[in-house]
Amino acid sequence: MTAVMWFRRDLRLGDNPALVEAAADGDVLPLFVLDPALWGPAGISRKLHLGDSLRALDASLRNRAGGDGGLQVVRGDPVRRVVAAAREVGASRVHVAADYGPYGSQRDEAVEQALAEHDVELVRTGSPYAVAPGRVLKDDGTPYWVFTPFSKRWAEHGWRGPIDPPRDVSYLTVDGTTDLPDLQRPDGLELPPAGETAARRRWQAFLDDRLDDYGTDRDKPGVPGTSRMSVHLKWGEIHPRTMLADLAERDSTGAAKYRSELAWREFYAHVLHHRPETARDYFRSEYARMSYDEPGELFERWKRGRTGYPIVDAGMRELRATGWMHNRVRMIVASFLVKDLHVEWQHGARHFMQWLVDGDLASNQHGWQWTAGSGTDASPFFRVFNPVTQGRKFDPDGAYVRRWLPELADAEDPHEPIDPIVDHAEERREALERWERIRP
Ligand SMILES: Cc1cc2nc3c(=O)[nH]c(=O)nc-3n(C[C@H](O)[C@H](O)[C@H](O)COP(=O)(O)OP(=O)(O)OC[C@H]3O[C@@H](n4cnc5c(N)ncnc54)[C@H](O)[C@@H]3O)c2cc1C
């Protein structure tokens with residue numbers, strides 16, 4: 001028998017349950033579909049990372065096949081391309097890791113129906129999460145909307161241990177493949193290495209060198225205190241349960257804190273699964289009635305890191321230069337856009353999705369809604385981040401802002417605003433007045 005393994009957000013061979021299922025069927029066609037609906041809107045950093053990750057997966061597959069075959073990349077509508085590939089190799093089953101996002105789940109239903117017309121089955125095994133979205137429910141069968149009880153139940157639910165890659169698989173090829181995307185790298189854009197080996201290396205280095213101090217260092221953008229694993233998780237270059245198994249062997253506050261951060265990722269996927277419209281709409285609907293400003297010149301200045309507030313500008317420049325931004329700074333720049341510039345969170349979320357290599361619909365849209373006050377157990381709207389005091393508190397020696405704003409190299413007080421585009425105290429008052437008009 002033959003089977004298709006359709007890779008999407010699981011670009012790895014290790015701990016990949018869908019691949020193991022595919023190999024149990026017989027010879028395997030390793031397929032990736034470059035879907036214009038996802039590829040078109042992606043920003044340059046995301047495209048570059050995906051290209052590199054596909055190249056890494058291709059090399060791993062070739063290694064196993066003695067140099068032949070490799071990842072079969074085709075371009076076009078997944079409905080047509082997956083059906084055509086399955087028919088070409090005579091597969092009776094197409095294996096995937098389930099996708100719970102709004103676009104992915106609809107796409108998979110359409111592919112499933114089209115395959116069924118040819119007596120081919122779409123088999124979903126595993127997902128990009130330790131516990132599949134939809135599984136963790138309250139006793140009465142309804143979803144949790146608050147993180148802490150969710151994470152408790154999530155931990156009680158538990159997950160299986162990691163599994164090895166399948167051995168001695170014969171990988172198949174198809175006609176009509178396209179070259180792996182190889183784009184021009186813009187000057188000044190520095191991305192981390194992509195792929196399964198890079199993910200495992202980074203994870204191991206983090207466990208060895210940083211995990212113990214994670215609880216205290218994770219909030220300091222000037223210190224390399226976080227794992228930078230988000231991009232590897234986003235593309236499934238490593239599975240979270242592989243990481244959870246390593247954490248389970250360590251009994252430390254750092255390990256417990258890290259596990260809780262992974263639970264946030266699972267929580268937001270769970271929320272988006274139950275409320276897919278919150279990718280665009282306010283989770284708390286009263287916030288849609290608040291008065292906002294149209295994005296204009298000030299929004300452009302925010303995007304380019306030219307607001308005059310050092311920590312905001314440093315974050316926005318880090319985003320463009322590396323495709324990543326520190327979590328504390330994501331919160332500060334998001335708060336600044338919504339509460340100082342009065343622009344709706346969706347505009348900022350779109351800009352993030354365009355530039356972030358780890359851009360993930362669930363974590364991004366709900367990270368934004370949390371900051372905007374409209375999300376699940378959101379930060380209360382009236383708690384407005386002051387970009388100057390936040391900078392002084394979390395980047396006390398200014399290492400972070402000096403790195404991204406070379407003009408501050410010798411500044412005595414690097415968090416002091418220079419020609420700020422708005423007055424924070426005034427805009428804070430304005431934001432609270434607007435909020436008073438909609439508060440329940
Ligand atoms: C406005 C805003 C937008 C965000 N957009 C994204 C996004 O598009 N993609 C994304 O992966 N994360 C997003 N986050 C969450 C968080 O900022 C990143 O996951 C984190 O900065 C990634 O860096 P790290 O891997 O070094 O994190 P670490 O501190 O090492 O955390 C470990 C892992 O836990 C998960 N995690 C940590 N914090 C969060 C969180 N608040 N929500 C969900 N998962 C979390 C991530 O998978 C992360 O890789 C956003 C947060 C905010 C406030």
Side-chain angles (χ1 to χ4, degrees), residues 9 42-43 45-46 49 101 128-130 133 147 150-151 154 192 199 202-203 205-207 209-211 213-221 223-244 246-247 254-272 279 302 312 315-316 318-319 322-339 345-379 385 390 394:
R9 284 185 56 180
S45 35
R46 195 117 54 90
H49 184 93
Y129 303 99
F147 172 72
F150 167 88
S151 66
W154 170 80
R202 179 171 278 282
W203 176 234
F206 175 75
L207 289 176
D209 305 334
R210 308 259 172 222
L211 181 68
D213 297 325
Y214 178 70
T216 46
D217 283 356
R218 60 179 287 277
D219 243 346
K220 302 175 190 163
V223 170
T226 70
S227 67
R228 312 279 295 240
M229 290 301 291
S230 49
V231 63
H232 301 304
L233 284 162
K234 151 79 198 184
W235 294 109
E237 295 163 358
I238 191 167
H239 195 277
R241 72 183 190 181
T242 308
M243 299 160 74
L244 287 160
D246 289 333
L247 294 171
K257 185 70 198 153
Y258 197 94
R259 198 166 112 125
S260 153
E261 295 306 319
L262 288 177
W264 274 104
R265 176 178 180 269
E266 307 245 336
F267 176 58
Y268 285 148
H270 149 99
V271 173
L272 190 63
W302 174 85
V312 175
M316 299 310 290
E318 179 179 33
L319 174 63
T322 66
W324 185 84
M325 194 195 297
H326 190 277
N327 180 60
R328 168 62 44 188
V329 190
R330 290 187 203 203
M331 294 193 283
I332 298 170
V333 304
S335 174
F336 189 83
L337 184 69
V338 175
K339 297 180 186 174
W345 66 267
Q346 293 90 334
H347 296 286
R350 202 169 306 126
H351 180 73
F352 266 35
M353 284 302 279
Q354 202 201 335
W355 283 93
L356 282 172
V357 271
D358 65 20
D360 169 88
L361 201 65
S363 295
N364 188 54
Q365 311 307 81
H366 281 282
W368 272 90
Q369 298 230 37
W370 184 91
T371 319
S374 63
T376 56
D377 43 8
S379 160
F385 277 176
Q390 285 280 314
F394 294 103

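Just so it is clear, the structure is predicted and the values come from calculations on it, not from any experiment. Whatever order the structure lists them in is the order used to number ligands and atoms, beginning at 1. Atom set for the values below is all heavy atoms of this structure, side chains included, hydrogens, waters and symmetry mates excluded.
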V338 and W368, any side-chain heavy atoms less than 4.5 Å apart: yes
Tell me which protein heavy atom sits closest to [atom], plus the residue, atom name and distance to 0.1 Å.
| atom | answer |
| --- | --- |
| atom 6 (C) of ligand 1 | R330 NH1, 3.2 Å |
| atom 9 (N) of ligand 1 | D358 O, 2.9 Å |
| atom 3 (C) of ligand 1 | N364 OD1, 3.3 Å |
| atom 40 (C) of ligand 1 | W264 CB, 4.1 Å |

Minimum non-hydrogen distance to [atom], winning option of [options]:
| atom | options | answer |
| --- | --- | --- |
| atom 30 (O) of ligand 1 | S227, S335, G225 | S227 |
| atom 10 (C) of ligand 1 | A334, S363, A349 | S363 |
| atom 17 (O) of ligand 1 | T226, L262, N327 | N327 |
| atom 24 (P) of ligand 1 | M243, R228, H366, Q365 | R228 |

Intermediate values then yes/no, side chain to side chain contact (heavy atoms under 4.5 Å, CB included), W345 and Q365: CA-CA 8 Å; W345 66 267; Q365 311 307 81; 3.9 Å; yes
Taking only heavy atoms of [X] into account, list the atoms of ligand 1 that are under 4.0 Å away from them.
| X | result |
| --- | --- |
| G359 | 8 (O) |
| R265 | 43 (C), 44 (N), 47 (O) |
| W324 | 22 (C), 23 (O), 26 (O) |
| Y214 | 28 (P), 29 (O), 30 (O), 31 (O) |

Ligand 1 versus [X]: contacting region, heavy-atom distance under 4.0 Å:
| X | answer |
| --- | --- |
| Y258 | side chain |
| L233 | side chain |
| E261 | both |
| F206 | neither |
| L356 | side chain |

What I want to know is whether [X] and ligand 1 share at least one N or O pair that is separated by under 3.5 angstrom.
| X | answer |
| --- | --- |
| R218 | no |
| Y268 | no |
| S230 | yes |
| W368 | no |
| M229 | yes |

Heavy-atom pair with the smallest gap, counting every atom of T226 and F206: C-CE1, 3.8 Å
Atom of S45, atom of V357 and distance for their closest heavy-atom approach: O-CG1, 3.4 Å
Pair E261 + R265: basic N to acidic O under 4.0 Å: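 No.
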Pair D219 + R328: basic N to acidic O under 4.0 Å: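 So D219 pairs with R328 through a salt bridge.
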Rounded distance [0.5 Å steps], OG in S227 versus OH in Y214: 6.0 Å
Separation of M316 CE from W355 CH2 (nearest 0.5 Å):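 Atom-to-atom, W355:CH2 and M316:CE are 10.0 Å apart.
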Ring centre gap for H351 and W302 strictly below 6.0 Å: yes
Donor-acceptor contact present, side-chain R330 to main-chain M325, <3.5 Å: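 Answer holds: yes.
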N/O donor-acceptor pair under 3.5 Å between T371 side chain and G367 backbone: yes
Geometric class of the H326/W324 ring pair [parallel <30°, tilted 30-60°, perpendicular >60°]: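 Answer is perpendicular, since the angle exceeds 60°.
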Aromatic ring pairing H49/W235, orientation class (parallel under 30°, perpendicular over 60°, tilted between):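 Plane angle under 30°, so parallel.
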